[in-house]
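Below is one structure, written out as structure tokens; the observations come after it.
In what follows, every heavy atom counts, from backbone to side chain, and hydrogens, waters and symmetry copies are set aside. Naming: A, B, ... by sequence-line order, numbering from 1 per chain.
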Amino acid sequence: MSKKVAFLQGNEAAAHGALYAGCDFFGGYPITPSTEVAEVMSVELPKVGGKFIQMEDEIGAMAAILGASLAGAKVLTSTSGPGLSLKQELIGYGCIAEIPCVIYNVMRGGPSTGMPTGPSQSDVMCAKWGTHGDHPAICLTPASVQETYEEVIRAFNLSEKYRTPVMVMPDEIIAHMRERIVFPEKGELEVVPRKSPTVSPEQYKPYDTSFGDVPPLAAFGSGYKFHVTGLNKMQDGFPTTKAEIVQAEEERQVRKVDANVDDIVTFEEYMLDDADVVVVAYGSTSRSARYAVNVAREQGIKAGMFRIKTFWPFPDKQIKALAGRVKGIVIPEMNLGMCSLELERCAQGKVPVLGIFRVDGEPINPDQILEKIKEVK
Amino acid sequence: MSKKVAFLQGNEAAAHGALYAGCDFFGGYPITPSTEVAEVMSVELPKVGGKFIQMEDEIGAMAAILGASLAGAKVLTSTSGPGLSLKQELIGYGCIAEIPCVIYNVMRGGPSTGMPTGPSQSDVMCAKWGTHGDHPAICLTPASVQETYEEVIRAFNLSEKYRTPVMVMPDEIIAHMRERIVFPEKGELEVVPRKSPTVSPEQYKPYDTSFGDVPPLAAFGSGYKFHVTGLNKMQDGFPTTKAEIVQAEEERQVRKVDANVDDIVTFEEYMLDDADVVVVAYGSTSRSARYAVNVAREQGIKAGMFRIKTFWPFPDKQIKALAGRVKGIVIPEMNLGMCSLELERCAQGKVPVLGIFRVDGEPINPDQILEKIKEVK
Amino acid sequence: MAFDYDKWIRPGKLPHIWCPGCGHGIVMKGLIRAMETLNLKKEETAVVSGIGCASRLPGYIDCCTLHTAHGRAAAFATGVKMAKPEMNVILVGGDGDGTAIGGNHFIHACRRNIDMTYIIMNNYIYGMTGGQFSPCTPTGHKASTTPYGNPDPGFDIAKLAIGAGATFVARGTAFHANQIDKLIVEAIQHKGFSVVEILDDCPTTYGRRNKYKSVIEMMNRLKEVAVPVKAAEKMTAEQLQGKVLTGVLYKEEVKPEYTAEYAKVIERAKASK
Amino acid sequence: MAFDYDKWIRPGKLPHIWCPGCGHGIVMKGLIRAMETLNLKKEETAVVSGIGCASRLPGYIDCCTLHTAHGRAAAFATGVKMAKPEMNVILVGGDGDGTAIGGNHFIHACRRNIDMTYIIMNNYIYGMTGGQFSPCTPTGHKASTTPYGNPDPGFDIAKLAIGAGATFVARGTAFHANQIDKLIVEAIQHKGFSVVEILDDCPTTYGRRNKYKSVIEMMNRLKEVAVPVKAAEKMTAEQLQGKVLTGVLYKEEVKPEYTAEYAKVIERAKASK
Amino acid sequence: MEKTLPKIEIIEKYCKGCHICVEFCPKDVLEMKGFCVSVKNLEACIKCMQCELRCPDFAIKVITE
Amino acid sequence: MEKTLPKIEIIEKYCKGCHICVEFCPKDVLEMKGFCVSVKNLEACIKCMQCELRCPDFAIKVITE
Amino acid sequence: MSRYELRFSGAGGQGLITAGIIMAKAASIYEGKQAVQSQSYGPEARGGASKSEVIISDGPIDYPKATTVDALLAMTQEACDKYTHDLKDGGILLVDSDLVTKLPKGNYKIISFPIINTAKNDVGREIVANIVALGAMVALTGQVSRENAEKAVLSSVPEAFIELNRKAFSIGFEKAMAASA
Amino acid sequence: MSRYELRFSGAGGQGLITAGIIMAKAASIYEGKQAVQSQSYGPEARGGASKSEVIISDGPIDYPKATTVDALLAMTQEACDKYTHDLKDGGILLVDSDLVTKLPKGNYKIISFPIINTAKNDVGREIVANIVALGAMVALTGQVSRENAEKAVLSSVPEAFIELNRKAFSIGFEKAMAASA
Ligand SMILES: Cc1ncc(C[n+]2csc(CCOP(=O)(O)OP(=O)(O)O)c2C)c(N)n1
Ligand SMILES: Cc1ncc(C[n+]2csc(CCOP(=O)(O)OP(=O)(O)O)c2C)c(N)n1
Ligand code: SF4
Ligand code: SF4
Ligand code: SF4
Ligand code: SF4
Ligand code: SF4
Ligand code: SF4
Ligand SMILES: [Mg+2]
Ligand SMILES: [Mg+2]
């Protein structure tokens, strides 16, 4: 039996990925260039008994998905730069209260309203540092329509597994380009269910670390009653200012992700075995990079690509290893140098990091990258 | 004649500093632990004909100060973590539209509501990366009541000089502790006025780079009429999606600050001449660090301190130089390691960076730092 | 017989954090009596708040409780209710939380007419942050940020809610303690978005600054200004000067309830498959 | 004689970006005629908007113009007006900008009664982003995110503004083009916060989806639904079914204007020194 | 007919001494002792429950059987 | 009395061809030509200015002296 | 690799994005090749110049945007002026002969016929001009078979308009064949 | 260096923050020393334990919080239990004898008298208990002169309450002298 195929935009694929992952609640506020996600969800969710709600603004949308997730739903919101900035306060709420949710953010030109229809990659830093306070961050940067579909599913899985907000951040090119997508059969891809409590309602504590760093989460309305707050809290969910508890809980929240980088961090290595020059790239830019690497190889240059699929946690270990092996790192980004700073941190002065930074709404083309590859001596 | 002295909280000093700098508009929304700034401004501003307005939320407050600044006022808002997160979208607006304004943010425990009355230093990253898109960032981290007063004045000056939002970020300890403050006489400290246009209204363009990277800004209601937008814009202020212009304008916005780090970045070197170990510290933590360095010296350990006064732009050059000279860097922070990442980037693997990270609402005490100093071999 | 509040209060959580004489405790008791009257199932009841003194209420109630971010209670609650329409969703919070930073979510919850009950404890002030004026502080009054008297006109919360499309709006006071539960009962029974404003007092940050000598004086003011809607009908405009109407101020049952409407969307969607 | 719009339009900025038949252009012309009637000084007039198709208007007007962020026009404008109370401050924008994301700033501007005029171009839809429903989309109608018909009830903007405390509220339509300027003139002359809602149409994202065959059909609908307040007085409830009142819907002159009140704060403060 | 007296239970650790019960007791049954309320004249109590109803702190209960 | 005819100025590069002026002209003076409006019967014009008033695009002016 | 680049350009609202999508769909779903479609538009989504690009290849397509264009459709003069610059030497240029009167200089294989008018007069509805153009592009580029392209067209339009579109496609295909013969 | 650390502790609303501020002001503004005052409070600002710390020194004060406390005022049992832990060996502990009945073990110089009651009965207003306590702390610690402390008190209270506070301060000062004699 042949699989279902379709010719879709990245955004449409994202919506279908969410449905595959069992998403049954979408709260959003329209913004270019992410509107197609909401549009598909508004059509598809009610068909499967799910709920689509268009809230009054992005803050309301973020609040609604957090509320719905606490009531047991698998939740998604979609937005773009200005909306992401507005959601920041409540993203922090999701982190501290440990509420699974997926935030799909299409990167367009910024800051502010910027260039709503132009691609960019300049939201990657605020994916980690946007909200105030210490918190974990997971952010995926897909590079094709198929991958957008799959990474949205993975985002749901990570979100449930680690009980924390997860972001998927395609750039506008990936979000709006159309490619053929092959839909997996039901059961073909892993779908991680929420870890529900095994104890009785009387014994249940929403942050009970006796079950490990990621305690089970009960749903409102499922027979369990408990308290959730955005204040620093104890294992039973009630607020505390006790220093030891606060420190321990904050560290656990971050450790959940940091101690599991090997499970979370994914990447692709392309022609790296013998590479002298490595192009580190993510999102649509990695497609230009692969093109450029191919051309470079044809011209006898030992170039390769390290493609970041999981932007946060950052692939520190892998980059550090690479830095010890190659002569130069080229990083093309549709921003003024963000990933570049992380690479410098990881490269530790061992190899030069050469950036190609474009924020003009145009894609970085293979030629530019090739040129830069050739600069590495 | 002896100078006026007073015994004030950091927050009160901030308000008085703003008044000295000529602030005549305050828009805010109350939040612990920054409320005293608003309270003092509500008393003092109308006395000098200035305006105090309490807006419906932090977004409204940020919008109001931007509007007032465009109408010629020198403007201030004050807030804390959750409010800072909410303001992020419009901070980006201030950056792209190049509107001078000062954001005073007291760092309390986060994320989310966190620990409203506990100190932290965990907003330093979102000072730079909080808003989406590429943009410049200036952020000052004072360490005493007197310095809070002076740094608020400097913030106004930098904001006018570079036509960009500037943040002042004391931690809660600095914001709420009381010390003696000596008020400078009028004229004693520099107060930078807004660079007003010298051309006629007909010739005026709000982003006219023929006057350099920081074009003069006219005020609404002063005989000039012009357009301001949060879209990528041309020199005349009107929106454009022309690639060359967008790239050039975005680069200029960031360059304004980056090309002037020597003018902006300030720091203090304490006993660094012969130091083997350097404690890098900022805000209240630097006071513990100085104490610890003194004790270490008494014990014959060659310790010193590099105190960051300007957190953004980060003192890359200085830290890189230090990293080549010392055996170890100790970084105490009331967060889970933020400055620490920047130090690692700058240290380039040359020296170990040892962090002391507390997020429990308690200050980092000198003993902890001393202990860490001794770990450096 | 003494009313058994303990049944609804989480063990070990009292005394609560509110100041001596703070009206929020009186409102909480009214809410508990209402929940008891309606015999709500704790596990099927969510109590949702924002941030503020009033918003600390959920921590004490033995239900599914959600203390969200400042101003966001209505939006979080909308998510809860949409995901689990069979739950009772009760919002609680202060005047600042609900009408300042939370104003937008508030009016949109009114507009949607989603079946939740919002209890606003209106003490005319931001209590938790130390007494800055709120959008409900009367003009001319003193707050920590209106040293020269408040220049801002205040909201009439009921008028705002009606303007935004709420279908049930009531008002009570902390003085009229025994009516609080009755208003809340009627509100919860109403199918649609219901707003119950309870005027109460913040002796700590509002009372002192505005020269109320005691909690009792503030209580007595509530007694004096309140006029039940029924009584008001027989009063002249002059007599009503400076008074505040109490009771059920507005009720309509024509506008459809939101989750029920959405259920129809689901039906239509399934039919279209 | 032809009206000289050019005097108010920035040279070289036409044609504007709006689609064929979009009502926003008609509203812009009304605004220009009003500005001309009042003989406003361009340098002393700020036109402030948010984001959306309607919010692109300021770019064309030769005044001090400010195209802010989505929903924030009223808050930016409040800053402008407070800093320079002598300026005329006119807000323009769409229904989404003003009542969805901008709802809070809108109701608070109404509450404060700050002397600005807000022209809301209500085309019942988020035009710029491609036709998702807005808080003003009628129930049951089609939008790109209500494929099964909109389950949301819409705001009555005028009712909302009055509920929030605005002191002047008027409504017109793009069909009744020659009244637009008159309403705006009266609004600007009013001392306090004034709201002028103009019903107009988005043929591109709303019209087609809702089976309006042409711009003209949409225009004619506006003609049919509109009933001037005066005429409505003589009509029965039945006759008014499905109609929309136009003209000055509400006006009061008792509530003090905000910048004037703040001037008094300054006086009191200076006296206290 | 003999009047049965209620039991007035005061939970001292909840009472914040706000005076409300004292002032609104129609029969002057209660009084403040330091920071806490106490019963001064139980005989006078008419079991109107005003004190229990109004106490913001769950600190006073009137138990009538 | 001789009727003075107005000058109807059409700014082609502004006209988006929305038909509004054509439809709302009471005297059927105008017509569409391709994407742009044009004058078909100037004689009939009564200078009511409806076309100018209603055009969303500043594309038509009725000049009457 | 066999990378083939097409660009469909014209004014917003002319349905060129749709034409591009159908072309790419034909290649990737029906022809068994790989294809990527992308587009760009300004804030003036509904006016001004608009373009839709399609890359077709036998193998994976990395860079999804045009590098040097093999075949360009220009439905307006503005689009023709704006988007010809990277048409490759010897590339195909299809224009609407009524609307594009100033042809670019350069070594192009230029085909022109009155596309919109064909839709209006020969097919009966101006609205299907994009499908007429698509038919022509399919004929001229030979990247997908006529059958597969037709399948893609028919699977992309509402039931009620199938016949109309089939007709539009065929006429476009034939006209192009004739014009380039 | 001559670092001297004081802590004023008790229940929220007892005015201990104010007492700390006045002490620090006396030292830094009137005595010519340096001083830093800081405080901490929970969300229960108006209940629970509260503390205000003052560091006095001849030179610059780096760390603004207490390390080992030289003198502690505890106005409630809760505060006494919570805040004595880092009182230094031989340090001064002043308590309200009515409210603090369980005294800590350890080598402290403990002074106790009924502070609140003194304010109520001897001064006439319970509300000035904090100033009574301040007077006592000034006497016991000797960090600032009686005159300078009095100046600081008087410059910190509203005109109408000057006499009341002067009296409270004096009585506190005298009582402590007597109690520690
Ligand atoms: C985003 C954000 N802004 C501001 C605050 C500070 N804050 C906390 S509660 C509050 C107001 C509380 O007033 P109200 O809602 O009336 O409740 P009350 O304390 O009076 O009961 C404010 C401004 C916050 N926590 N978060
Ligand atoms: C923070 C933010 N959220 C969302 C958007 C996307 N957006 C732009 S305009 C708009 C709605 C426009 O609708 P309306 O205000 O009614 O104006 P219209 O286009 O209909 O004239 C939206 C949702 C944005 N630019 N910024
Ligand atoms: S501060 Fe006011 S509102 Fe808050 S608990 Fe105290 S009395 Fe109540
Ligand atoms: S999309 Fe709608 S609102 Fe926007 S310009 Fe076109 S017709 Fe007007
Ligand atoms: S029940 Fe009534 S009479 Fe008895 S103590 Fe309470 S208030 Fe007084
Ligand atoms: S009302 Fe309650 S808290 Fe107040 S004094 Fe009486 S028992 Fe105590
Ligand atoms: S002025 Fe009146 S009659 Fe003349 S063309 Fe215009 S609409 Fe027609
Ligand atoms: S109304 Fe204006 S834009 Fe429309 S057809 Fe007439 S002239 Fe052209
Ligand atoms: Mg309040
Ligand atoms: Mg609209």
Side-chain angles (χ1 to χ4, degrees), chain A residues 9 11-12 15 26-64 76-88 106 108-117 172 175-176, chain D residues 17 49-53 55-56 58-59 66-73 75-76 93-107 124-137 139 141-155 160 202 205-206 209:
Chain A
Q9 281 195 323
N11 283 343
E12 293 164 340
F26 179 96
Y29 186 77
I31 184 166
T32 305
S34 74
T35 45
E36 295 83 4
V37 181
E39 287 166 357
V40 172
M41 293 309 264
S42 74
V43 174
E44 298 300 330
L45 268 180
K47 286 188 191 164
V48 295
K51 318 287 163 67
F52 169 91
I53 191 164
Q54 196 173 286
M55 293 296 288
E56 46 275 14
D57 59 19
E58 285 87 351
I59 300 175
M62 191 66 211
L76 174 70
T77 190
S78 68
T79 193
S80 182
L84 184 66
S85 287
L86 289 170
K87 285 179 200 287
Q88 289 294 1
V106 181
R108 70 185 220 186
S112 192
T113 314
M115 206 199 294
T117 53
E172 186 272 345
H176 273 166
Chain D
I17 65 159
S49 72
I51 295 287
C53 293
S55 287
R56 281 303 195 99
L66 179 51
H67 179 227
T68 72
H70 190 37
R72 312 304 171 195
F76 272 82
D95 50 317
D97 190 67
T99 72
I101 193 168
N104 210 26
H105 309 303
F106 176 50
I107 60 175
Y124 318 111
I125 204 82
Y126 297 146
M128 176 142 275
T129 45
Q132 300 77 20
F133 74 102
S134 93
C136 298
T137 307
T139 308
H141 283 219
K142 290 274 169 73
S144 74
T145 47
T146 57
Y148 309 105
N150 181 20
D152 277 43
F155 272 137
L160 178 63
C202 171
T205 79
Y206 182 79
R209 237 181 229 107

**Item:** Closest non-hydrogen atom pair, Ala100(D) against Tyr29(A)
**Value:** CB-OH, 3.6 Å
**Asked** Which value, rounded to the nearest 0.5 Å, describes the distance between Ser112(A) atom OG and Ile51(D) atom CD1?
**Response** 7.0 Å
**Prompt:** Under the ring-ring contact (aromatic ring centres under 6.0 Å, His included) test, which residues partner His67(D), sequence neighbours left out?
**Reply:** none
**Structural part of Ile31(A) lying under 4.5 Å from a heavy atom of chain D** = backbone
**Prompt:** Quick one: side-chain hydrogen bond (donor to acceptor under 3.5 Å, both in side chains) partners of Thr68(D), sequence neighbours excluded?
**Reply:** none
**Complete:** Output for pair (Thr35(A) OG1, Met128(D) CE), nearest 0.5 Å, gives 12.5 Å
**Request:** Examine whether an atom of Thr113(A) lies under 4.5 Å from a heavy atom of chain D, and if so say whether it belongs to the side chain, the backbone or both; otherwise answer neither.
**Result:** side chain
**Fill in**
Among residues 44-53 of chain A, residues within the sub-4.5 Å heavy-atom range of chain D, in order of number, are Pro46(A), Lys47(A), Phe52(A)
**Message:** Just verifying a value: how many Å separate Phe26(A) CZ and Thr145(D) OG1, rounded to the nearest 0.5 Å?
**Reply:** 9.5 Å
**Prompt:** Who passes side-chain hydrogen bond (donor to acceptor under 3.5 Å, both in side chains) against Ser144(D), sequence neighbours left out?
**Reply:** Glu39(A)
**Request:** Between chain D and each of Glu58(A), Glu56(A), Gln54(A), count heavy-atom pairs under 4.5 Å; write down the option with the most.
**Result:** Gln54(A)
**Prompt:** Any sub-3.5 Å donor-acceptor pair from Tyr126(D)'s side-chain atoms to Pro30(A)'s backbone N or O?
**Reply:** no
